[in-house]
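Residue numbers start at 1 and run along the sequence shown. Quick note: numbers below take in every heavy atom, side chains included, and nothing from hydrogens, waters or symmetry partners. Everything numeric here is computed off the predicted structure, so don't read it as measured data.
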Amino acid sequence: MFSLLVNIPANAKWAQNGVTIAGGHGTGNATNQLYWPRDLFVDDDQTVVIADYVNHRIMQWKNGDTTNGQVVAGGNGQGNGLNQLDRPTDILIDKETNSLIICDNGNARVVRWSRRSGTTQGEILIDNIQCYGLAMDEQRYLYVSNTGKHEVRRYRLGEKDGTLIAGGNGVGAGLNQFNGPPYLFVDRQHNVYVSDNNNHRVMKWNKCAKEGIVVAGGQGAGSALTQLNYPVGLFVDTLGTLYLVDEFNHRVMRWTQGATQGTVIAGGNGEGAGANQLYYPIGLSFDRHGNLYVVEHGNNRVQRFSIE
């Protein structure tokens, strides 16, 4: 997730009913379909790019065109060719080079695809890495979560080894450990927030810290407002408020700084395909107006919840 500066008022509320802006037509590989999508990135003009996991492609949906997306990377079947992806899990747009940076999870690599028309293949930035989530800071350092090594590393674009900045102490529930960290977010101070999935908590690692702080959950798996059940996608606004996807509770939560419990801002009405329901949500983002976008792999769609 790119640390887009989003100012969201502390008392903000979102419409309870979402609007489908991508997918929602069952599983398949047509241009109006997604198949177990994973995460998304929202550009300044509200164009949305989506990691379309089982279709081994990245889809782009322009604001206003909710019928069809276009394939902007991959889409040539599952494989490890430079023109192919294998189960991509995360994506971001690097404005500087007008390119997509993709966690190509099934190929254990991070790749870059130019957004210029006519691009037919990508280039490998980092290989032999069990990447899952990506983030980038304003100095264009790339942060990658590694679910195999339970760690987060920071890379200067072009370097292969990176610097360990969180975890890396084996699998576990200690404050210096993770258990399957899928997604992450980097704030302007270069603090890193990580969804520590199997520990049902979100950890914040301050810059140069040797261990993290629990900022959400950490009370075991459950559905109370103090608990999380497999947290995944996350986002932090300029006030330091944390927004996160609580996947197995089918809800999106907001945790203000220092809070011991969160509030539900979307979903939380049981699993389902209703406009006020989510079904295995996994990724989230905001546009610069503060509208909330949620990817659901259970409903194979992206919902937009307008800020009120």
Restricting to non-hydrogen atoms, name the atom on Gln177 and the atom on Asp196 that form the minimum distance, rounded to 0.1 Å. O-OD2, 3.8 Å
With a 3.5 Å distance limit and no angle check, can you tell me whether Asn76 reaches the backbone of Gln84 through a side-chain donor-acceptor pair? no
Is the side chain of Asn179 donor-acceptor paired with the backbone N or O of Ala173 at a distance under 3.5 Å, no angle test? no
Tell me the closest heavy-atom pair linking Pro281 and Val294, and the distance in Å. CB-CG1, 3.8 Å
Arg153 side-chain N/O to Gly162 backbone N/O, donor-acceptor pair under 3.5 Å: yes
Quick one: does Asn300's side chain have a donor or acceptor within less than 3.5 Å of a partner on Trp36's backbone? yes
Do Asn176 side-chain atoms and Asn169 backbone N/O form a donor-acceptor pair below 3.5 Å? no
Got a sec: does the NZ of Lys160 have more than 12 other heavy atoms crowding it under 6.0 Å? yes
Note: with side-chain heavy atoms under 4.5 Å as the link, the other cluster members for Phe248 come out as Tyr230, Tyr279, Tyr280
Joint hydrophobic cluster, Leu239 plus Val6, side-chain heavy atoms closer than 4.5 Å: no
Under a 3.5 Å distance rule, please check whether Gln33 uses its side chain to pair with a backbone N or O of His25 as donor and acceptor. yes
Under 4.5 Å between side-chain heavy atoms, hopping through other hydrophobics if needed: is there a path connecting Val236 to Val264? yes
Any ion pair linking Asp94 and Arg140 (charged N to carboxylate O, less than 4.0 Å)? yes
side-chain hydrogen bond (donor to acceptor under 3.5 Å, both in side chains): which pairs involve residues 100-118, sequence neighbours left out? Asp43-Arg115, Gln60-Arg115, Asp104-Asn107, Asp104-Arg109, Arg112-Glu123
Sole residue of Arg251, His200, Gln227 in side-chain hydrogen bond (donor to acceptor under 3.5 Å, both in side chains) with Asp246: Arg251
Is it the case that His250 and Glu271 place a side-chain donor and acceptor less than 3.5 Å from each other? yes
State whether the side chain of Arg288 and the backbone N or O of Asp44 hold a donor-acceptor pair below 3.5 Å, judged by distance alone. yes
So, for Pro88 and His56, which heavy atoms are closest and what is the spacing to 0.1 Å? CD-CA, 3.8 Å
If we ignore hydrogens and angles and just use 3.5 Å, is the side chain of Asn146 paired with the main-chain N or O of His150 as donor and acceptor? no
Non-hydrogen atoms of Phe178 and Asn199 that approach each other most closely: C-ND2, 4.0 Å
Under 3.5 Å donor-acceptor, Ser145 side chain and Pro182 backbone: yes
Sub-3.5 Å donor-acceptor pair from the side chain of Asn276 to the main-chain atoms of Asn17, do we have one? no
Measure across Gly283 and Leu40 and return the closest heavy-atom pair with its distance rounded to 0.1 Å. C-CD2, 4.1 Å
Arg154 to Tyr141, cation-pi by 6.0 Å centre distance and 45° axis angle: yes
Where Leu244 and Trp255 come nearest, the two heavy atoms and their spacing: CD2-CD1, 3.8 Å
For a quick check under 3.5 Å, do Gln130 and Thr147 share a side-chain donor-acceptor pair by atom type? no
Hey, are Thr238 and Asn7 close enough side-chain-wise for a donor-acceptor pair under 3.5 Å? yes
Hey, what do you get for OH (Tyr293) to CZ (Phe235), rounding to the nearest 0.5 Å? 11.5 Å
Exercise: do Asn269 and Gln277 side chains pair donor with acceptor under 3.5 Å: no
Apply the test salt bridge (charged side-chain N to carboxylate O under 4.0 Å, His left out) to residues Arg301 and Glu296: give CA-CA distance (whole Å), side-chain angles for both, the deciding distance (0.1 Å), then the verdict. CA-CA 6 Å; Arg301 69 183 182 183; Glu296 304 165 73; 2.5 Å; yes
Whether Trp14 and Tyr243 hold their rings parallel, tilted or perpendicular, with breakpoints at 30° and 60°: perpendicular
Consider only side-chain heavy atoms of I, L, V, M, F, W and Y, link residues closer than 4.5 Å, and tell whether Tyr53 and Tyr183 are in one cluster. no
Using distance alone, with no hydrogens and no angle criterion, decide if Asp45 and Thr47 have a side-chain donor and acceptor under 3.5 Å apart. yes
